[in-house]
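Reviewing the structure listed below.
Throughout, protein chains are lettered first and strands after them, A, B, ... in sequence-line order, and every chain is numbered starting at 1.
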Amino acid sequence: MPIKLPISYPQELPLSQKVSEIKQALEQNQVLIVGGETGSGKTTQLPKICLDLGRGQQGLIAHTQPRRLAARSVCQRIADELKVEVGKEVGYQVRFQNITSDISCIKLMTDGILLAEIQQDPLLKQYDTVIIDEAHERSLNIDFLLGHLKNLLPLRPDLKLIITSATIDLDKFSAHFNQAPIIEVSGRTFPVDTFYRPQLEAEDKDLAENIIAAIRELFELEQKQQKGHKNRKGDVLVFLSGEREIRDIAQALRKEKFSNTEILPLYARLSNKEQNRVFQAHTGRRIVLSTNVAETSITVPGITSVIDPGTARLSRYSVRSKIQRLPIEAISQASANQRAGRCGRIAPGICIRLYSEDDFQQRPEFTDTEITRTNLASVILQMLNMDLGDIDSFPFLDKPETKAINDGIKVLQELGAVTDSGELNKTGKIMADMPVDPRYARMLMEASTRACLQEVLVIVSAMSIQDPRERPLDKQQAADEKHRLFQHPQSDFLSFLQLWQNFEDERQLLTQNQLRKFCQRHFLSYVRMREWREIHRQLHLQCRKLGLKENREPANEENIHQSILRGLIVQVARHHEELEYIGTRNRKFQIFPGSSLFKKKCKWILAARIS
DNA sequence: GAGCACTGC
């Protein structure tokens with residue numbers, strides 16, 4: 001039964017000018033690439049165009065976003081434009097939340113959800129159209145989806161696919177899909193003036209001084225330029241590498257006492273409430289000091305200038321050392337341009353780069369894609385589970401190096417998920433059905449045989465989220481003191497268990513409001529505690545479904561640690577001297593000072609994470 | 001003696 005919805009395209013959106021062109025291209029081609037910057041309207045209008053063409057009737061229109069928040073808010077916007085309720089004709093699904101119904105014809109979701117669905121339904125039979133949005137972000141999920149979709153298209157001639165991307169590297173997507181047509185849509189952005197102000201090491205200035213100098217220059221530039229403009233001083237966005245750098249620079253900037261100016265930190269670990277401060281109206285000027293969250297995840301409103309020191313932390317896996325790390329690196333040109341673009345959204349902007357134009361020109365054009373920077377065990381496990389055949393011949397946009405693939409297979413062998421010849425065994429099949437890292441999945445399986453699944457479920461969920469313990473700058477001691485209440489003297493893994501048990505006891509007794517207060521008093525993030533419980537619940541249900549054995553009696557600690565060890569064999573270490581330990585591959589490291597084992601000099605330890 | 005960012009049936 002076709003659903004009739006009133007469809008119109010807001011005149012002011014650039015994409016609305018191209019509706020008939022896009023319709024024609026979609027009718028004549030199976031795949032279409034749409035390039036357009038922020039504000040082009042592609043995200044909200046493309047699903048409507050599909051609907052207009054009669055799609056979303058035979059099957060759903062799938063529309064993927066890289067983040068949960070985006071999936072929810074895009075869903076809301078489309079529902080508003082179509083004048084329907086969220087969850088009816090237009091719904092969304094993200095982890096823990098499925099707000100769709102039988103009458104849904106557009107389904108917003110994270111790309112991770114679509115990927116997970118492929119495990120059960122490789123042909124994606126419930127969809128007649130798939131829109132992969134923000135494909136330029138090139139996450140592991142997106143790359144895997146684009147590879148699978150390429151194989152799928154000939155098997156589903158009725159399926160239409162739209163790939164959208166910022167206007168970088170459109171040809172690459174087109175080439176991947178048999179020279180699919182490209183339609184470019186302009187964005188609604190303003191020009192950004194870029195200035196290069198290299199930090200001169202010879203002058204012995206530190207980053208703070210360079211940033212202060214840049215801010216002063218910015219203010220002067222604005223005054224000169226302001227003759228023709230309205231007299232609103234816009235806000236400044238400064239990109240920094242991490243929490244500590246933000247703290248240091250904030251301190252230095254506050255000392256400068258810029259008149260009528262507020263310094264605002266922004267990073268993902270802040271509570272929602274603290275993050276929301278950037279969206280609140282304010283008088284005077286604001287200088288926002290942010291990590292990379294402001295590059296893609298959070299759009300800070302009101303920014304008219306950007307200061308870009310040109311570095312960021314980037315997660316990298318080394319096949320040689322078997323370790324995932326977070327080094328600070330020079331960012332790519334694409335990333336620098338994305339940062340600059342953050343100040344051209346409401347008025348012409350100014351971007352000051354704290355490096356030379358030469359330096360910029362010599363940088364790589366694009367950031368290395370995630371698939372080249374990460375351990376492939378999880379991707380390979382999923383591919384084996386789907387029986388995709390030879391991994392070498394899977395049509396990745398960028399093929400991972402053979403040695404990275406071999407390393408991923410080796411990890412799976414070490415976990416006992418595949419045979420010596422690289423085939424998935426029974427253990428591996430079950431692991432592939434668990435929504436966690438293969439190492440963690442292996443721990444759960446081991447725990448099932450060692451009568452400690454209950455406990456290991458709590459620990460694995462804890463390791464899958466960000467640490468719920470908070471340590472505010474001005475209350476570090478008070479926080480440490482409270483956290484010690486939950487500390488197990490011999491094991492940080494068991495500390496998680498102790499925290500969980502305490503929290504559960506309180507949760508049974510308290511109202512939600514009281515529980516929030518309990519969290520505040522004990523320096524725990526309520527939001528992350530909730531995420532912990534949600535992941536735990538999801539994993540618990542899945543383990544039950546997969547037939548893992550739950551223990552009725554409390555487990556013995558030895559068994560808990562043996563189970564964790566089964567997943568983390570490469571992270572055992574022996575005491576060397578003083579605070580130093582020697583791990584596998586002769587790696588030397590120290591224990592994190594927050595650990596209960598920090599100064600204990602144990603003979604052997606098992607590290608949850610090494611960096 | 002101390003913390004980049006996302007994400008999953």
Any luck finding a side-chain donor-acceptor pair between A:Asp437 and A:Ser464 under 3.5 Å? no
Candidates B:dC6, B:dC9, B:dG8 - which lies nearest the side chain of A:Val293: B:dC6
Assert: residue with more 5' nearest nucleotide on DNA chain B, out of A:Gly242 and A:Gln120, is A:Gly242
Tell me which of A:Leu69 and A:Pro593 sits closer to the 5' end of DNA chain B, going by the nucleotide each one is nearest to. A:Pro593
For A:Asn98, answer base if it contacts any base atom (sugar-phosphate contacts may also be present), sugar-phosphate if it contacts only those atoms, and nothing otherwise; contact means non-hydrogen atoms under 4.0 Å. nothing
Have a look at A:Ala312 and say if it touches a base, only the backbone sugar-phosphate, or nothing, with a 4.0 Å heavy-atom cut-off. nothing
Just how far, in rounded Å, is C1' of B:dA5 from CD of A:Glu243? 13 Å
note: A:Arg313, atom CZ; B:dG3, atom P; distance rounded to Å ~ 7 Å
Does NZ or CZ of A:Arg363 lie under 6.0 Å from the centre of the six-membered ring of A:Tyr355, at an angle within 45° of the ring axis? yes
Which nucleotide, B:dC6, B:dC4, B:dG1, lies nearest any side-chain atom of A:Phe598? B:dG1
Given the side-chain rings of A:His576 and A:Tyr581, with only the six-membered ring counted for Trp, is the space between their centroids under 6.0 Å? no
Starting from P on B:dC4, measure out to CD on A:Glu137 and report it in whole angstrom. 20 Å
Length of the line joining A:Lys600:NZ and B:dG1:C1', which is rounded to integer Å: 16 Å
State, yes or no, whether a side-chain contact exists between A:Arg469 and A:Phe486 at a heavy-atom distance under 4.5 Å. no
Looking at A:Gln538, I'd like to know whether one of its side-chain N or O atoms comes within less than 4.0 Å of OP1 or OP2 on B:dG8. no
Distance check needed: B:dT7 P versus A:Leu115 CG, whole Å only. 15 Å
When we call it a touch if two heavy atoms are under 4.0 Å apart, what does A:Thr296 touch: a base, just sugar-phosphate, or nothing? nothing
Taking only side-chain nitrogens and oxygens of A:Arg244, does any of them come within less than 4.0 Å of OP1 or OP2 of B:dG3? yes
Remember a base hit wins even if backbone is also touched, and classify A:Asp480 as base, sugar-phosphate or nothing at under 4.0 Å, heavy atoms. base
Tell me whether the side-chain N/O atoms of A:Arg68 come closer than 4.0 Å to OP1 or OP2 in B:dG8. yes
Heavy-atom distance under 4.5 Å between the side chains of A:Leu253 and A:Ile287, does that happen here? yes
Between P on B:dT7 and CD1 on A:Ile465, what's the gap in Å once rounded to a whole number? 14 Å
Say whether, by atom type as modelled, one donor and one acceptor occur between the side chain of A:Asp235 and the main chain of A:Ile303 under 3.5 angstrom. no
Please determine, for the side chain of A:Arg95, which listed nucleotide (B:dC9, B:dC4, B:dA5) has the closest atom? B:dC9
Would you mind classifying the nucleic acid contact of A:Ala479 as base, sugar-phosphate or nothing, using non-hydrogen atoms under 4.0 angstrom? nothing
For B:dA2 and A:Arg471 - does any side-chain N or O of the residue sit under 4.0 Å from the phosphate oxygens OP1/OP2? no
Provide, to the nearest angstrom, the distance between the CZ atom belonging to A:Arg609 and the P atom belonging to B:dC4. 13 Å
So does A:Ser139 get a side-chain nitrogen or oxygen closer than 4.0 Å to the phosphate oxygens (OP1/OP2) of B:dT7? no
Please determine, for the side chain of A:Gln382, which listed nucleotide (B:dG8, B:dT7, B:dC9) has the closest atom? B:dG8
Without decimals, in angstroms, what is the distance between A:Asp467 CG and B:dA5 P? 14 Å
